[in-house]
Number of protein chains: 2
Amino acid sequence: MTTQRRERAPRQADVARLAGVSQSAVSRVIGGDPEAAARIPEDTRRRILEAVKELGYVPNLSARKLRNKTNRLLGVHTFEPVFPHARESFYFEFLLGIEERAEEIGYDLVLFTSTGASDGRRRVYRDGTNRLNVADGTVLLGVATDKADLARLWQEGYPFIHIGRRDVPGAADIPCIVPDYFGITGDIAGRLAALGHQHVAYLREDLELEPYEDRRRGYADAVERLGLIDRSPGFRGVPGLDDAWLDQLAGGPETAVVSESERLAESLLRGLRARGRDVPADVSVVVLEGIGPDASLRWEHLDIPRKEIGRIAIDALVAIVDDPDARNESIVVPCSIVDGVTTAPARP
Amino acid sequence: MTTQRRERAPRQADVARLAGVSQSAVSRVIGGDPEAAARIPEDTRRRILEAVKELGYVPNLSARKLRNKTNRLLGVHTFEPVFPHARESFYFEFLLGIEERAEEIGYDLVLFTSTGASDGRRRVYRDGTNRLNVADGTVLLGVATDKADLARLWQEGYPFIHIGRRDVPGAADIPCIVPDYFGITGDIAGRLAALGHQHVAYLREDLELEPYEDRRRGYADAVERLGLIDRSPGFRGVPGLDDAWLDQLAGGPETAVVSESERLAESLLRGLRARGRDVPADVSVVVLEGIGPDASLRWEHLDIPRKEIGRIAIDALVAIVDDPDARNESIVVPCSIVDGVTTAPARP
DNA sequence: TTGAAAGCGATACCAC
DNA sequence: GTGGTATCGCTTTCAA
């Protein structure tokens, strides 16, 4: 059996005609507004529902959105393509939480992919069109965040939330989900201090993003508070790790290092071993970043609750969509430390 | 500096007022229709563009969709949640291709997540609403495809394409992207025959999905055509692998086995080894499925070009959206065989 | 209780 | 060239 295709999708008007009522009656029954629906006699209601079924009527969501300014669509805009990197779990865990929570509360997700430039980066605005407008609100994430876009979105009053802290000139506090790097790096320094480490060092990436600033401030704050001593270049703002400093480190009083990345930690490890020192026997190391599957050691490291952050982002976004005044509130999410084999009490 | 939020998004009417022209003029300039835009004096055009910039006007996509019936949004509906399984590369590679191609041709993707039932399955229709309607068309995928949903979608004339062949009662041929299992299983049988295998066996999963039917037909077809002999239960429609048959296999004339899954192949391997026989020395094995990372052997197996299929799905979908008459055409995509270490010439 | 009618924002036809 | 205006499908007053 082959059913013939219908030429045109049925509208409320068609349903109304078939049921012998007015279009508004149909709207009231369909719309599900309990208030309005309740005032409709059981009989009329049934006739309408029957007509709906017979015609296979389904509401047109664009029309609804046009009227209601809302369509239960939440956007996800990543400043880089999602899936190629998803595996590496940078985006992946966030998306897991985002999808999970969106499903729970009955929203669909729009993945904004159309805005890709040739350089692989994605912008919100392209030839004057803000595609994000199809969705009620959007979760933004990515490392290559375009601040001009953020500022403009904020300026337009478009509901959005950014995963990761960003300071945007021209906008007040934009709503972000902020992993508590400040707090956790303080805790890490505290943990090292508790292990007896007095002389510590900091390895710094060559990145000036806000999340790194938070880590650096948290660390610096704790160093001062705990009376630790750090003479490392990284602590003074110099990125990277060179031989000169490795030499000093191998021969100096430092017994613990905090590294902004696994990459730096790995070269530190090689450098130290080449100089006859080891981790954690001589130097304890904590890494401020998730650890890949082929790390040479089980680094003690910072853990970002990405999935949880994804879920929180959706809730925060919905709150902003429902009440635009909520949009100035950023949310700080606690991080944790994953134990590894790279810390030990300070050698005396 | 803090910019104040705008209370209402600007419309074309606002732009028109500011530029001192009519709304239609604005539409013509904005809409980008080269035809209409060309007929507008450079001067007017400039004034309009200036007003647009000044107000930060962006077109309302819902209104456009309402008018144009198109909004450059393509849906992705999976009958199960995507991300939890994405890693296992079942959905993942498809999505990679889908995202990639959508980005290339300037479409955004709607991930339909709102339709989840409590059992983890997702349906298209929930309380009479077909959410898919927000998108111009939708790619459907998943193992737990709901055929009633497919039939209804087809009946409604909604543009969609299904990844994987599905036969739907009540609809003519629904548009699918069909991996050529029929052809490739034939090739596999041919390859075994070329290696001298005469007596072959087939291991069958307990699944009655169309893709499995295709594999089975392709295999059966080739067995007959090539004059091979298969007395296995799997070939006669009995799923699984039991000791009785393993005993027969270990002592019988069979020198090659085609297995529908890695799982069955692994138990076959264990069973054979327990009986003093090995792969491929005594028995060659080809697996009709992607192989996980922790397979005990590099199985020779069927490879589905998932990413490519994702890309093709998007192109096919766009074709259907552009021309609804294209929707009866399914597309067959060739598969390939990945060499492994599990086949060898038949022992004499 | 029910229906008529005014928009939501953008497009395109048809006069001027 | 330019500007009215009907229309897309739905929601929501406002009257009847």
Side-chain angles (χ1 to χ4, degrees), chain A residues 6-48 51-52 55-72 128-131 133-134 136 156, chain B residues 7-17 19-48 51-52 55-72 128-131 133-134 136 156:
Chain A
R6 220 191 1 244
E7 68 307 323
R8 180 175 67 65
R11 302 166 305 205
Q12 284 190 349
D14 302 319
V15 176
R17 204 170 309 119
L18 182 61
V21 296
S22 82
Q23 195 193 132
S24 7
V26 178
S27 175
R28 283 191 271 253
V29 171
I30 301 299
D33 177 7
E35 189 93 14
R39 328 179 69 74
I40 286 188
E42 195 43 40
D43 180 49
T44 322
R45 173 193 199 63
R46 198 182 32 69
R47 290 221 316 288
I48 293 178
V52 164
L55 293 175
Y57 165 82
V58 291
N60 177 318
L61 295 182
S62 297
R64 271 200 178 154
K65 161 102 181 168
L66 188 55
R67 268 301 302 207
N68 298 342
K69 275 105 173 58
T70 172
N71 62 179
R72 295 190 85 77
T129 316
N130 168 8
R131 296 271 312 158
N133 269 318
V134 255
D136 293 345
E156 279 179 8
Chain B
E7 66 306 320
R8 179 175 65 67
R11 302 168 303 208
Q12 284 189 351
D14 302 320
V15 176
R17 205 170 308 122
V21 296
S22 82
Q23 199 191 125
S24 1
V26 178
S27 175
R28 284 193 271 254
V29 171
I30 300 301
D33 177 7
E35 187 91 15
R39 326 176 70 74
I40 286 189
E42 195 41 40
D43 179 49
T44 320
R45 173 195 199 60
R46 199 183 32 69
R47 292 222 313 289
I48 293 178
V52 163
L55 292 175
Y57 165 84
V58 292
N60 178 321
L61 295 181
S62 298
R64 274 201 177 154
K65 161 103 182 164
L66 186 56
R67 268 302 305 206
N68 297 343
K69 274 104 175 68
T70 173
N71 60 181
R72 295 190 86 74
T129 315
N130 168 6
R131 293 274 310 162
N133 269 316
V134 257
D136 293 344
E156 279 179 9

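Residue numbers begin at 1 in each chain, while the letters A, B, ... track the order of the sequences. Keep in mind that this is a model prediction, so the values were computed, not measured.
Regarding B:L66, its CG atom lies at a distance of 13 Å from the P atom of C:dA12, rounded to whole Å. In this structure, A:I30 atom CD1 and D:dC10 atom P are separated by 9 Å, rounded to whole Å. Per the geometry, NZ belonging to B:K65 stands 12 Å off P belonging to D:dC10, to the nearest Å. One interatomic measurement links the two molecules: CD of A:Q12 to C1' of D:dT11, which rounds to 8 Å at whole-angstrom precision. Separating the CG atom of A:N60 from the P atom of C:dA10 is a distance of 17 Å, rounded to the nearest angstrom. Residue A:N68 contributes atom CG, which lies 10 Å from atom C1' of C:dC8 at whole-angstrom precision. Rounded to an integer number of Å, the gap from B:R47 CZ to D:dG3 C1' is 14 Å. The distance from atom CZ of B:R11 to atom P of C:dT11 is 14 Å, rounded to the nearest whole Å.
Of all heavy-atom pairs between A:A19 and A:I48, the closest is CB-CA, 4.0 Å. Contact detail for A:L55 and A:P10: the closest heavy-atom pair is O-CG, 3.5 Å. B:I30 approaches B:P59 most closely through the heavy-atom pair CG2-CG, 4.5 Å.
Atom OG of A:S62 sits about 8.5 Å away from atom CG of B:N133, to the nearest 0.5 Å. Taking CD of B:Q12 as the start and CZ of B:R28 as the end, the distance is 11.0 Å to the nearest 0.5 Å.
Relative to the axis of its first five pairs, the axis of the last five pairs of the helix from C:dT1-D:dA16 to C:dC16-D:dG1 sits at 50°, rounded to 10 degrees.
Of the candidate nucleotides D:dC10, C:dA10, C:dG9, C:dG9 has the atom nearest to the side chain of A:K69.
Using a 4.0 Å cut-off, some side-chain N or O of B:R64 falls inside it from OP1 or OP2 of C:dT11.
Between B:N71 and B:R64, the closest side-chain pair of non-hydrogen atoms is not below 4.5 Å.
Among residues two or more places apart in sequence or in another chain, the salt bridge (charged side-chain N to carboxylate O under 4.0 Å, His left out) test is passed with B:R47 by B:D43.
For the side chain to side chain donor-acceptor pair (under 3.5 Å) test with B:K65, the passing option among B:D136, B:T70, B:N60 is B:D136; the others fail.
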All N/O contacts under 3.5 Å from nucleotides 2-6 of chain C to the protein, with atom names and distances to one decimal?
| residue | atom | partner | partner atom | Å |
| --- | --- | --- | --- | --- |
| C:dT2 | OP1 | A:T44 | OG1 | 3.2 |
| C:dG3 | OP2 | A:S22 | N | 2.7 |
| C:dG3 | OP2 | A:S22 | OG | 3.2 |
| C:dG3 | N7 | A:R28 | NH2 | 2.9 |
| C:dG3 | O6 | A:R28 | NH1 | 3.3 |
| C:dA4 | N6 | A:S24 | OG | 3.3 |

